[in-house]
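One-based numbering, in listed order, for ligands and for the atoms of each. Keep in mind it's a predicted model, so treat the numbers as computed, not measured.
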Amino acid sequence: QENLQEPRLVSRKFLAKPQREGVGALVRRSIGRFELKYFDPFLVLDEFSVAAPAGFPDHPHRGFETVTYMLQGAVTHEDFEGHKGTIEAGDLQWMTAGRGIVHSEMPVAQGIQKGLQLWINLASQHKMVEPRYQEMLSKDIVEVIKDGIMVRVIAGEALGIKSPIYTKTPTMYLDFTLKPGSHLQQLVPKSWNAFVYILEGEGIFGNKKSQPTTSHHILLLGSGDGLEAWNKSSKVLRFILVGGEPLNEPVVQLGPFVMNTQEEIDQTIDDFENYTNGFEKARHWKSDSVV
Ligand SMILES: Nc1ccc(F)c(C(=O)c2c[nH]c3ncc(Cl)cc23)c1F
Ligand SMILES: [Fe+3]
């Protein structure tokens, strides 16, 4: 446990409400909604829930990374290179789309599949890198338990444990579960933008006199050296703490294409329509999910 010199206070707070996305899927979008279009380097945070036959059929990405973290059920992803895999509850997929990916992300079993998808922007010099995946099975994600706090270290470092995930844009992604009565102090690099997204229960963040916050809320954290949180309720509190180094670059976004200038977006549309500069394999590819 750290002793924070200057705990970050909550600067903004939003309730993420369900909206339609994909084909028949629902997402609670916290970052990426009109009041919070961009929280540098984060473009989107979706808490998704989807049941077959709904899902996210064939779609492209260019210029950023997606981090899919399954909370319940499973999603099968399949891309135009022939990569195919299933992300089960507790598993994680870190996809660097770079110059271009076309893939589908569809629920596997019956029933509601839930998870989080975070979109992390890439610096201009990395936007056209070759696509790559880093997948972590639930059993490989390091969990640390201390003083009533359990943390799953997805990216970055907590309680002395470092994740093996290599993030192009320096990022921390920690999944905390606090037992009733526990108190957390977690360092966050001072220059990074950081937020909390609550998944379960209610917690007090930043100022210990503030009102508890409940699930589906995002809390943007102001300046300081870390996060302080308390669970003063009788139930378990679960939330993610995500931080990233701001890129401080212009963002021009058209849905799943995120570049730095309008010309680069025009070029991206041209590449996607003419199957060039990384979209070559999209010409003859359709996922199995396309009926
Ligand atoms: N229409 C559209 C356009 C572009 C997209 F990238 C997507 C898309 O794939 C998703 C957007 N939120 C998500 N949450 C979780 C998962 Cl598994 C997928 C998505 C999509 F649906
Ligand atoms: Fe996708």
Salt bridge between Arg62 and Asp271, side-chain N to carboxylate O under 4.0 Å?
yes
Short N or O separations between ligand 1 and the protein, below 3.5 Å:
unit_1   : atom_1 : unit_2 : atom_2 : d
ligand 1 : 1 (N)  : Glu21  : OE1    : 2.8
ligand 1 : 9 (O)  : His59  : NE2    : 2.9
ligand 1 : 9 (O)  : Glu105 : OE1    : 3.2
ligand 1 : 12 (N) : Asp46  : OD2    : 2.7

Check this for me, if you would: do Asp46 and Arg29 make a salt bridge, where the nitrogen-to-carboxylate-oxygen distance has to be below 4.0 angstrom?
yes
If we only look closer than 2.8 Å, how many protein N, O or S atoms does the Fe ion (ligand 2) have near it?
4
Is there a donor-acceptor contact under 3.5 Å linking the side chains of Tyr197 and Glu47?
yes
For Asp91, the option from Leu137, Val75, Ile141, Thr86 that meets side chain to side chain contact (heavy atoms under 4.5 Å, CB included)
Leu137
May I ask you to decide if the ring planes of His183 and Trp230 are parallel, tilted or perpendicular, using 30° and 60° as cut-offs?
parallel
If you round to the nearest 0.5 Å, how far is NZ of Lys17 from CZ of Phe14?
10.0 Å
Should the pair Glu200-Lys235 be classified as a salt bridge under the 4.0 Å nitrogen-to-oxygen rule?
no
Lys127 side chain to Gly63 main-chain N or O, any donor-acceptor pair under 3.5 Å?
yes
From Leu184 CG over to Asp147 CG, what is the distance, rounded to the nearest 0.5 angstrom?
10.0 Å
